[in-house]
Amino acid sequence: MSQMKPILCVGNTVIDFVTITQSYPKEDTDRRCLDGFWQRGGNASNVCTVLRALGSKVDFFGMLSKSVAFRALLEDLRQREIGTKHCPETEKDPPFSSIILAQDSGTRTIIHCNKNYPEPTFEDFSQIDLSQYGWVHFEARNPTQVSKMIQSIREHNKKTCQRITISLDFETRYDQNLQLCQHCDIVVFSKELAAQKGWETAQETVEGLAADITGDGERPVIICPWGSEGAVCLDANGNFHKVAAYKPEKIVDTLGAGDTFMAGFIYATFVDQRDLTDAIDFANRVASHKISEYGYDHVTKIIKI
Ligand code: FRU
């Protein structure tokens, strides 16, 4: 494992303000919460956190900020030894999310505020020496720039025997981000976006997405976590698999469960070299462990059997 190349995660890092309530609040009422905390969030940023907790070497690539509010996020990245050396910087305030964790239902409700925060460009990405990485993970956003980043990895892969695996976390803006899928090796698609598409089952979702992915190259593996039902996937040959979920001891904090699944899958595939369904099984296990406590630190305690 010491020879293992690091993983690069490309996307956003934001401030999450988390409020814990007994039940979801009624509109236009004034009440106290049970507790609260803030933490570094954002999909790619959370994937970095969980990968580090599992013991991987990982770098983050996204827009950093010079604002005072961002210093706490930088400090957290530094403490966890998540590399940021290639990241561009802006003067603008970072994006943030206001999150309600309702204890009775176990839901997490996210209201995200982005304020047109700048995105890294392909030019920023092109400064990176790709040969140092073994896996590059993307959050599906900023498609014009990200598709160029993905293309450059594919070009890199043609020239080397140490191929970089490309994964994509597809959670928002179906029509805009769909174009990113065809050039990736693995696409993880969210249940929430499936609902927006009107897809009612996990199988309908992976098959629906596969039918929409055009291009005549190899098709990506498509994975869809489906909450307490587990996760399904269509492998590169189009074969369908279903992997059962783990029942968590208790449901405490579902914020970032999808990001945790993603990180668990990358870890199991890349670091542990597990096969597809075994890696999904591990991802299910890490995600179920994550939701049993607040935050991500307890992920370090998972036993990697
Ligand atoms: C969870 C999350 C949060 C963030 C939100 C929007 O998946 O990454 O940490 O606030 O989604 O990026």
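Computed from heavy atoms alone, side chains included, the values below leave out hydrogens, waters and symmetry copies. Atoms within each ligand, like the ligands themselves, are counted from 1 in listed order.
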*Would you please classify the geometry between the His289 ring and the His298 ring as parallel, tilted or perpendicular, with 30° and 60° separating the classes?*
tilted
*asked:* Students should be able to answer this: which protein heavy-atom is nearest to atom 1 (C) of ligand 1, and at what distance?
replied: Asp259 OD2, 3.4 Å
*Inspect the contact between Asp76 and Arg80 and indicate whether a charged nitrogen and a carboxylate oxygen are less than 4.0 angstrom apart.*
yes
*asked:* Does ligand 1 come near enough to Ile99 that some N or O of the ligand is less than 3.5 Å from an N or O of the residue?
replied: no
*Decide whether Tyr174 and Asp212 meet the rule of one side-chain donor and one side-chain acceptor closer than 3.5 Å.*
yes
*Please determine if Glu171 has a nitrogen or oxygen closer than 3.5 Å to a nitrogen or oxygen of ligand 1.*
no
_Below 4.0 Å from ligand 1: does a non-hydrogen atom of Asn46 turn up there or not?_
yes
*Atom indices of ligand 1, in the order listed, that fall short of 4.0 Å to a heavy atom of Asn43*: 1 (C), 2 (C), 7 (O), 8 (O), 11 (O), 12 (O)
_Any donor-acceptor N or O pair under 3.5 Å, side chains Thr121, Asp124_ = yes
*Indicate yes or no: does Asp16 engage Arg108 in a salt bridge with an N to O separation below 4.0 Å.*
no
_Can you name the atoms of ligand 1, numbered from 1 with element, that are less than 4.0 Å from a heavy atom of Asp16?_
3 (C), 4 (C), 9 (O), 10 (O)
*May I ask whether Gly258 has any heavy atom positioned less than 4.0 angstrom from an atom of ligand 1?*
no
_Derivation and outcome, salt bridge (Lys or Arg N to Asp or Glu O under 4.0 Å), residues Glu218 and Arg154_ = CA-CA 12 Å; Glu218 272 182 33; Arg154 289 178 66 92; over 6 Å; no
*Mark up the atoms of ligand 1 that fall under 4.0 Å of a heavy atom belonging to Gly41, in ascending order.*
9 (O)
